[in-house]
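So the structure is just underneath, and the comments pick up after that.
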Amino acid sequence: MAQSVKGMRDLFGPVMGDFQHIEDTARRVFAQHGYGEIRTPILEYTEVFKRSVGDSSDIVNKEMYEFKDRGDRSVVMRPENTAAVVRAMIEHKLLQTSDPQLLYYIGPMFRYERMQAGRYRQFWQIGAEVFGSATPECEAENLVMLFDFLQGLGLKQLKLTLNSVGTPESRPAFYAAFRAFFDAREAQFCGDCHRRVAENPMRVLDCKNEGCQTALQGHPLITDFLDDASRAHHERLKVLLTNLGLPFEENPRLVRGLDYYTRTAFEVLSSDLGAQSALLGGGRYDGLVKHLGGPDTPAFGWAIGLDRLAMILAAVRGEQSVPRPALLIPMGEKAAAEALRLARGWWAQGAAVQVETRGANLKKALQTANRQGFTRALILGDGELEQGVVAAKDLAAGTQESWAFAEVPARLKD
RNA sequence: GCGGCUGUAGUUCAGUUGGUUAGAGCACUGGAUUGUGAUUCCAGUUGUCGUGGGUUCGAGUCCCAUCAGCCGCCCCA
């Protein structure tokens with residue numbers, strides 16, 4: 001049988017409805033905050049991601065869909081979008097002024113990963129980025145927007161966790177202290193952590209191994225090694241969030257996987273789906289724009305996986321079928337022709353009506369309507385045609401009344 | 001990339017130490033009711049047993065490969 005490519009799925013039915021609802025909510029909330037949408041290409045030159053994501057990350061090493069195009073240039077299907085957005089900002093010279101750029105994106109990303117539930121090789125992300133503001137205020141504004149978005153989707157069990165990962169200048173001192181700590185109890189750490197401590201020491205902090213978490217008791221805190229400006233930044237953000245009534249929790253072991261993050265790092269945890277797990281993450285990445293060849297520009301942002309979000313909404317939604325508009329059921333050839341003409345008039349007035357065009361008999365048409373979740377059937381037979389009415393049946397209540405043709409659009413809106 | 005588990009009807013599953021024609025619920029189709037669904041009653045169809053090969057007189061069952069999915073890592077969020 002014909003099959004989709006492994007790890008890539010078709011979206012339709014209730015899941016597609018969940019995706020649309022998420023996207024609609026995102027666009028509405030982001031527009032309120034003044035964010036504009038940006039769509040960048042799926043394909044980018046490999047360099048864009050190799051330079052941004054960092055060599056210690058597996059995203060670059062083994063998870064990218066990378067190939068040569070017909071011009072023998074190495075391209076990849078984007079594994080994430082921040083680097084591509086930055087590339088676009090630089091290319092269109094939008095960072096040459098001091099104007100802030102507030103952007104969001106919605107689209108598919110690609111990583112060649114091992115499959116698991118809610119984890120696909122083509123997966124969807126929504127993200128928001130702010131360029132040109134280095135302040136905690138811009139972070140607080142962005143986080144409020146994020147929570148308006150998530151709460152607008154009906155998610156309630158949300159927890160914001162916060163940390164500061166410092167700057168490239170302040171990090172070496174922390175690394176030195178951390179390595180000393182690690183070496184002193186080296187035997188208690190797992191093999192993965194021995195590898196991590198050399199490549200990316202911060203990664204040891206979020207090792208899932210229980211022994212490692214125990215061994216980490218009393219470890220040096222990144223926040224104790226911050227420079228004064230970073231410390232003030234961190235404190236100010238906490239004041240702002242408290243002031244906004246946005247509850248948060250500090251997590252000194254919270255780190256970011258990608259190299260370009262600076263200062264603020266955060267995650268949002270949700271217990272809506274079983275055990276509490278990270279729903280999204282983000283933070284500040286002041287060095288990335290310059291690193292990719294643009295003007296030195298501060299930036300802050302986050303990205304959330306749409307597939308997992310849709311999974312949570314589906315769990316909340318349950319098996320409920322999506323309500324459908326009214327179904328217009330004509331009886332016989334004459335009514336069938338008239339039904340289309342009438343429906344066209346109603347559509348023009350904004351009514352939502354679907355027309356039964358199979359020529360099914362009434363019994364079959366009503367069976368179908370019921371099964372597909374229609375709330376109302378509009379029956380049009382020769383008798384109704386003569387009187388200029390439809391027999392409007394409420395499928396839930398089982399009641400039926402006559403509606404004049406002209407009043408159908410208005411009555412459907414009730 | 002590493003380790004493990006699962007694949008039988010549209011779907012959820014049963015199928016004995018390998019044995020003849022592979023079953024059930026739900027769903028679906030038709031009828032009771034030619035213009036009234038969802039409830040009720042009656043009847044009926046579900047099929048490349050994931051795919052390919054092997055062992056065997058005989059394979060849904062055993063072996064190998066492969067594909068797909070699931071779980072845990074790696075990684076990410």
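Proteins get letters first, then strands, A, B, ... in listed order; numbering begins at 1 in each. As the structure is a computational prediction, the values presented were derived from the model and not from experiment.
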Tell me, which pairs form a side chain to side chain donor-acceptor pair (under 3.5 Å) where one or both residues lie in residues 373-399 of chain A, sequence neighbours left out? none
Does the side chain of A:Arg203 get closer than 4.0 angstrom to OP1 or OP2 of B:C76 through an N or O atom? yes
In whole angstroms, how far is the P atom of B:A77 from the CE atom of A:Met202? 11 Å
Return the nucleotide paired to B:C74: Watson-Crick means purine N1 to pyrimidine N3 with N6-O4 or O6-N4, wobble means G-U with N1-O2 and O6-N3, both under 3.5 Å. none
So what's B:A38 paired with, Watson-Crick or G-U wobble, going by both distances under 3.5 Å? none
If you measure from CG on A:Leu380 to CZ on A:Phe405, what distance do you get to the nearest 0.5 Å? 5.0 Å
Please confirm whether the shortest side-chain N or O distance from A:Gln116 to OP1 or OP2 of B:G69 is below 4.0 Å. no
Can you check the A:Glu356 CD to B:U36 P distance for me, whole Å? 16 Å
Check every strand shown and say whether A:Ala117 touches a base, only sugar-phosphate, or nothing at a heavy-atom separation below 4.0 Å. sugar-phosphate
Could you check how far CD of A:Gln400 sits from C1' of B:A38, rounded to whole Å? 14 Å
Phosphate OP1/OP2 of B:A68 contacted by A:Lys6 side-chain N/O (<4.0 Å): yes
Just checking A:Lys208: base, sugar-phosphate only, or nothing, at a heavy-atom cut-off of under 4.0 Å? base
Remember a base hit wins even if backbone is also touched, and classify A:Leu395 as base, sugar-phosphate or nothing at under 4.0 Å, heavy atoms. base
Tell me the interatomic distance from A:Leu146, atom CG, to B:A77, atom C1', rounded to whole angstroms. 13 Å
Looking at B:A77, B:G37, B:C75, which one has an atom nearest to any side-chain atom of A:Glu63? B:C75
Let me know the distance between CE of A:Met331 and P of B:G37, rounded to the nearest Å. 12 Å
Closest of B:C74, B:G1, B:G37 to the A:Arg114 side chain is B:G1
Tell me what A:Arg9 touches on the nucleic acid: a base, only sugar-phosphate, or nothing, going by heavy atoms under 4.0 Å. nothing
Proximity to RNA chain B (any heavy atom under 4.0 Å), residues of residues 375-386 of chain A only: A:Ile379, A:Gly381, A:Asp382, A:Gly383, A:Glu384
If you measure from CG on A:Leu226 to CZ on A:Arg171, what distance do you get to the nearest 0.5 Å? 10.0 Å
Any N or O donor-acceptor pair under 3.5 Å from the base of B:C75 to the side chain of A:Arg119? yes
Does the ring centre of A:His219 sit less than 6.0 Å away from the ring centre of A:Phe182? no
Spacing between A:Arg195 atom CZ and B:G1 atom P, to the nearest angstrom: 17 Å
Which of residues 358-365 of chain A have a heavy atom under 4.0 Å from RNA chain B? A:Leu362, A:Lys364
Taking for each residue the nucleotide of RNA chain B with the nearest heavy atom, is it A:Cys207 or A:Ile304 whose nucleotide lies nearer the 5' end? A:Cys207
RNA chain B: A:Trp302 or A:Tyr112, which has the more 5' nearest nucleotide? A:Tyr112
Take atom CD of A:Gln367 and atom P of B:U34, then tell me their distance rounded to the nearest Å. 13 Å
Find out whether the Lys NZ or Arg CZ of A:Arg185 is both under 6.0 angstrom from the six-membered ring centre of A:Phe189 and within 45° of the ring's axis. no
Proximal nucleotide (of B:G69, B:C74, B:A77) relative to the A:Arg196 side chain: B:C74
Heavy atoms only, 4.0 Å cut-off, all strands: where does A:Gly7 land among base, sugar-phosphate and nothing? sugar-phosphate
Taking only N and O in the side chain of A:Arg371, is any of them less than 4.0 Å away from OP1 or OP2 of B:A27? no
Base, sugar-phosphate, or nothing: which does A:Gln3 touch, judged by heavy atoms less than 4.0 Å apart? sugar-phosphate
